[in-house]
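This report concerns only the one structure given below.
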Amino acid sequence: MLRPSMSQVIGKHENYYAFVVAVAQRARDIANAAEQNQITLVEKPVKLAVEEFACGAVRVSDFI
């Protein structure tokens, strides 16, 4: 997915700040898991995190 729009990712009652905090936390989780399992990531952790939020695999409310 190439640059999902914010309206696709964020629900009506969610704010941008909460989204940014959740993406940052999820990106850290992805990076830590890759480091522990000695996996080289092809994509950057932030991009992977945004894609997870965009496809609905992860929600902002899971992190706040």
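It should be emphasised that the depicted structure is a prediction, and the values quoted were computed from it without experimental measurement. Along the sequence shown, the residues carry numbers beginning at 1.
For Asp62 (side chain) and Val58 (main-chain N/O), no donor-acceptor pair under 3.5 Å exists by modelled atom type.
Looking at every heavy atom in both residues, Val23 comes nearest to Ala49 through O-CB, 3.8 Å. For the pair Ile10 and Asn15, the tightest heavy-atom approach, listed with the atom from each and the gap, is CD1-O, 4.2 Å.
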Which pairs of donor and acceptor atoms, one on a side chain in residues 37-45, lie under 3.5 Å apart (sequence neighbours left out)?
unit_1	atom_1	unit_2	atom_2	d
Asn37	ND2	Ala33	O	3.2
Glu43	OE1	Lys47	NZ	3.2

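Looking only at atom types and distance, the side chain of Asn32 has no donor-acceptor partner in the side chain of Gln36 under 3.5 Å away.
At a threshold of 4.5 Å between side-chain heavy atoms, the hydrophobic network of Ile, Leu, Val, Met, Phe, Trp and Tyr places Val60 and Leu48 in two separate groups.
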Do Phe53 and Arg26 pass the side-chain contact (heavy atoms from CB on, under 4.5 Å) test, and can you show the C-alpha distance, the side-chain angles, and the key distance before you say yes or no?
-> CA-CA 9 Å; Phe53 281 96; Arg26 181 62 186 138; 4.0 Å; yes

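Looking only at side-chain heavy atoms (C-beta outward), Glu52 and Ile30 come within less than 4.5 Å of each other.
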